[in-house]
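Below is one structure, written out as structure tokens; the observations come after it.
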Amino acid sequence: MKPFTIAWVNLKRLFRDRSTYFFVFIFPLALILLIGLQFGGDFLPQVGVLATEEGTTATEIVDALEAEPGLEVVPLRTEAELVDQVERGNLDAALTIPAGLDQSLAAGQPAELGFIARPGGTGAALAPVVGEVVQRSLLAANAAAFVSVQGLGDFPTSVALAQQVENGIPAAEVTEETVGESLFPASLGRFDLGASSQLILFMFITALSGGAVLIQTRQLGLSRRMLSTPTSVTTIIGGEALGRFAVVALQGIYIMIGALLIFGVHWGDPVAAIAIVLVFSAVGAGAAMVIGTLFRNAEQAAGVGIMVGLGMAALGGAMLPLQLFSPTLQRIAHFTPHAWASDAFAKIRDQGNIIDIAPELGVLAAYAVVLILFASWRLRVAITRP
Amino acid sequence: MRNFLLITAKDLRLRIRDKSFFIIGLLAPLALAFIFNTVFGSAFSDVAEPQLGIVDTESVDSAQVLANIAQQVGASWQELGSKSEAETAIEEGELHAVFVVPDDFDSGLATGRIGTIGVISGIDAGITGDIAAGIARGYAHSLRQTQVSIASAIAAGGDPATVVPAALASSGQSLVSLGEIEAEIRQLDLNTQTVAGMAMFFLLFTAQAGFLSLLEERNGGTLDRMLSTPTRPASILGAKAAVSVVLGIVSLVVLIIAGILLMDAKWGDPLGVALLVVVGVLAAVGIAAVTSGFAKTAEQAGNIQGIVGTVLGLLGGAFFPIGQDGGILARLTALTPHYWFNRGLSDLASGGGVGAALPAAGWLFVIAAVTALVAAFVIRKQVSR
Amino acid sequence: MANVMEAHDLAKRFGDLVAVDGVGFSIAPGETYGLLGPNGAGKTTTISIIAGLLEADAGKVEVGGETISPSAIGPKRRMGLVPQDLAIYPDLTARENLHFFGRLYGMDNNEVKERSNRVLEMIGLTDRADDLTKEYSGGMKRRLNIGIGLLHGPELLILDEPTVGVDPQSRNAILEAVEALSGEGMAVLYTTHYMEEAERLCDRVGIIDQGRIKAEGTRRELVNLVGQKDRVTIAAAGGQLQEAARRLSGLEGVEEAGADDQGITLLVVEAGRLLPVILSELSQNGISVSGVTIEEPDLEAVFLHLTGKALRDV
């Protein structure tokens, strides 16, 4: 029962600090929301459009652009804003439609639309897509211009003529097909990926912040005092780790339920999901104990905790999905427990159950055991030779 | 002034002796920037250059036109022997999309029979797939344009014998042209951006060092001892702020140089960067002074700053960019020093001189001034009893 | 010769709490003045005002003829403060601690070096001078805490309960050091709630309670206030000690009676004659007595006489 006593005292100390509530409970859900809003859904290139005058042709062009599936249209009001947004990378490209376009066309006069993009960027490659949409809106006008240049009729009459003719002439059909299997299933919800990533990221960071607590305990001489009672080093480590484990597991289950209720996140088989949370919490608790025994100063440990927590999250696919990693990087990623937990979550999202994720759970459990054994050995050294 | 310097020197010595500055101010931001670059760089490096191809076809004219357009948008171009070969190349990630033009497409055009152009793309090709489809549709449209022009001219009484060659000759001409304008790049490349983001994120914690030590001294009794010597409270406060400023500047300067050497970061005009570093540090120190001013112990101050620093970092785009779609987030991000620091550097990135960084530097200065004013009220009580 | 320090009618309140209420006293060169009182009597507040850490609500402090306040920088050079709690940097060595504060007092580099060596010798830390003070024992830290206060040779050394929580050996070393400094002509303001320290060190003692100085004078003068009365300390347990003390104070010949956790303290005209009566009274009240001491009058008795409270652990 002693480890539970130590764990309980630790928990009480932790939750006496108000910022704990923020980092453990509020912040992760806020971040899932933020990331879901920013990145969830489709990643479409953004094209700003400035229509100086809402003429017929301009409206037609804008409507056609909006109907285009591969890009998102952002209406803008001033040219300065448009240029600024493109230059700063907030827009991939922008199209300016000059005033008086309808009049120029009515008079058969040429006009120029502006297409602004950063050189070498995604936007520059969008030029043919945007150009095609623009030209499509000008079919009749261009035909009429040709007719009048050939001296076969005046421009306005020819426009009417061309409009009749064009209906009988379809364009060559373009068929699109895709090959391969998508990295992300189509059923993936807006918040799904972000939720499991943030769950992994935050559980680990919360865990590591326990390293600093362990150091404080040592600094306050509490560990020595505990050792002076009939309590073994393993019991102390066990108790400290158990306290941390409890917080992390609590946070994990809280985030799971919160994300399920608030964002409708699809986690998959609940038993398997909770199993991942529990085993990953044990890994985190072990890592916290290691950090807590390797450093002597709580601030250093906190700094290292943040660094390791964020670094491993990035490397382990908790910031950017593993599927987007290069093959080499994917192999490196699997040195982190994060990657294994990510894989396990992906499997259960895709109908997997606890048997399917047994290999991932096994690897995570091995991490936990190794870390806790290492920490026990280090703490024994640290306490007995301060 | 003398005592101000003495206290500053003493505190700097203590901060160097306690190694947390090296971890929080130097090691952590550098290590994270490196990891982020490795991870994100591997995922986003190839967006700009579409890799396209075409299945070998007897419709050489059409194939040529498509190849020309692909070249214009900067895509690489490759010919493939068969459709299945193309599919394999796409599945293996060698190509983004491949055009399939039937052998009888060109000959059909002459006889008025309209064929079909196929575009095969990888399922996750995203924008490159759209670009390929856009190219194909653009070509299909230009063909249709020519046909409509011819049909209209003939309907208007034109002689096919003159109209057809004329229409073919003017193919691709339009009343309305798309004038392509190259925008300046006022955006940091990924490497530079992550180094800058991490540097600024951790700066908020480094900048707290002086004020944390003030709280420690207050609770540890050495503050009283200093106050019992002929030392003005303002000298003590000033020294604490100076320690934060010095450590902040050292941290940023080292990270900027390390960014160049280790991560190929590109920083633009040195004078402009120096200006941004100074005002950026002042803003961070101001914020740290305010958060510390509301705390009673160093631990509390650290906890408050943990929240403030993380939220500001996130809103300011230190981890991922926050959209500028005019929403509430876009407005909030402009309240963070991270945003303005990044923006100032972006303004310098396009080759601007110091002047280009002035607006961002000005906003950073405003943040510094406002927080300093608030801090002056809340933190003063910490050097009196 | 003019007084080194003069305090007049000092008053300070914190909200509703009146911490210091009209305190005034002075200290002459070479004189050791003790401020004796229980915890919470206002000693530390008084000292903070005198050291220029705290602004008084009313009254005035002059050191060397210059008025002290938190914003008066100059006269602080004349004083050295030894705070009650340790006020040293754990991550600096003893020498670095001394050097830093010495420079704050305006000494130049050479002067600080020379004085530091002397002080280190005086507080017995020469051997460990270049070790970080966080490696020190509690007593060594205490000694350094005091050493810093006298480094710049102040005219007035203020020691706020310097022996609290100190082992007997270090405590004795501290008291000897104070005696030596006083012998060299330094004025010392010494607060304590240990009666023996005040008796041993102080030329004059001010007895402070509830923010007021109840009496002031040399030990002889103070004891005379009580008259030739004996102090009887009865170590006892069980029963209602407070109630028993109240009953005892009703006996003829008992002047004062007070109780605390450990027993009862009485001021008695003729202890030898009255003791049997007292003991039988206690046993009737179900209080078991484990020890009795009878002392001639001392400052503790004076304190009891003036405040009706035992000095220790009030």
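Chain A is the first sequence line, chain B the second, and so forth, proteins listed ahead of strands; every chain is numbered from 1. For the numbers below, each heavy atom of this structure counts, side chains included, while hydrogens, waters and symmetry mates do not.
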(request) State, without any angle test, whether C/T93 and C/D130 hold a side-chain donor-acceptor pair at a distance under 3.5 Å. (result) no
(request) Examine C/R103 relative to C/Y105 and say whether NZ or CZ is less than 6.0 Å from the centre of the six-membered ring and inside a 45° cone about the ring axis. (result) no
(request) Check whether B/E217 gets within reach of chain C through its side chain, its backbone, both or neither, counting any heavy atom under 4.5 Å. (result) side chain
(request) Check whether the ring centres of C/Y89 and C/F100 lie less than 6.0 Å apart, and answer yes or no. (result) yes
(message) Heavy-atom cut-off 4.5 Å, strictly under: side chain, backbone, both or neither for B/R232 against chain C?
(response) both
(message) Is B/L6 in contact with chain C via its backbone, its side chain, both, or neither, using a 4.5 Å heavy-atom distance?
(response) both
(request) Establish, from distance only, whether the side-chain atoms of C/N145 and B/R225 form a donor-acceptor pair under 3.5 Å. (result) yes
(message) Less than 4.5 Å to any heavy atom of chain B: does that hold for the side chain of C/D85, its backbone, both, or neither?
(response) neither
(request) Can you tell which part of C/I148 gets under 4.5 Å to a heavy atom of chain B, answering side chain, backbone, both or neither? (result) both
(message) Under the side-chain contact (heavy atoms from CB on, under 4.5 Å) test against C/I49, which residue among C/T44, C/L54, C/V23 passes?
(response) C/L54
(message) Check this for me: does any side-chain nitrogen of one of C/R128 and C/E135 sit under 4.0 Å from a carboxylate oxygen of the other?
(response) no
(message) Quick check for you: among C/D91, C/I68, C/L81, C/L104, which has the greatest number of heavy-atom pairs under 4.5 Å with chain B?
(response) C/L104
(message) Please rank B/S228, B/G221, B/A9 by heavy-atom pairs under 4.5 Å with chain C and give me the top one.
(response) B/S228
(request) Under 4.5 Å heavy-atom distance to chain C, tell me which part of B/I7 shows up: side chain, backbone, both or neither. (result) both
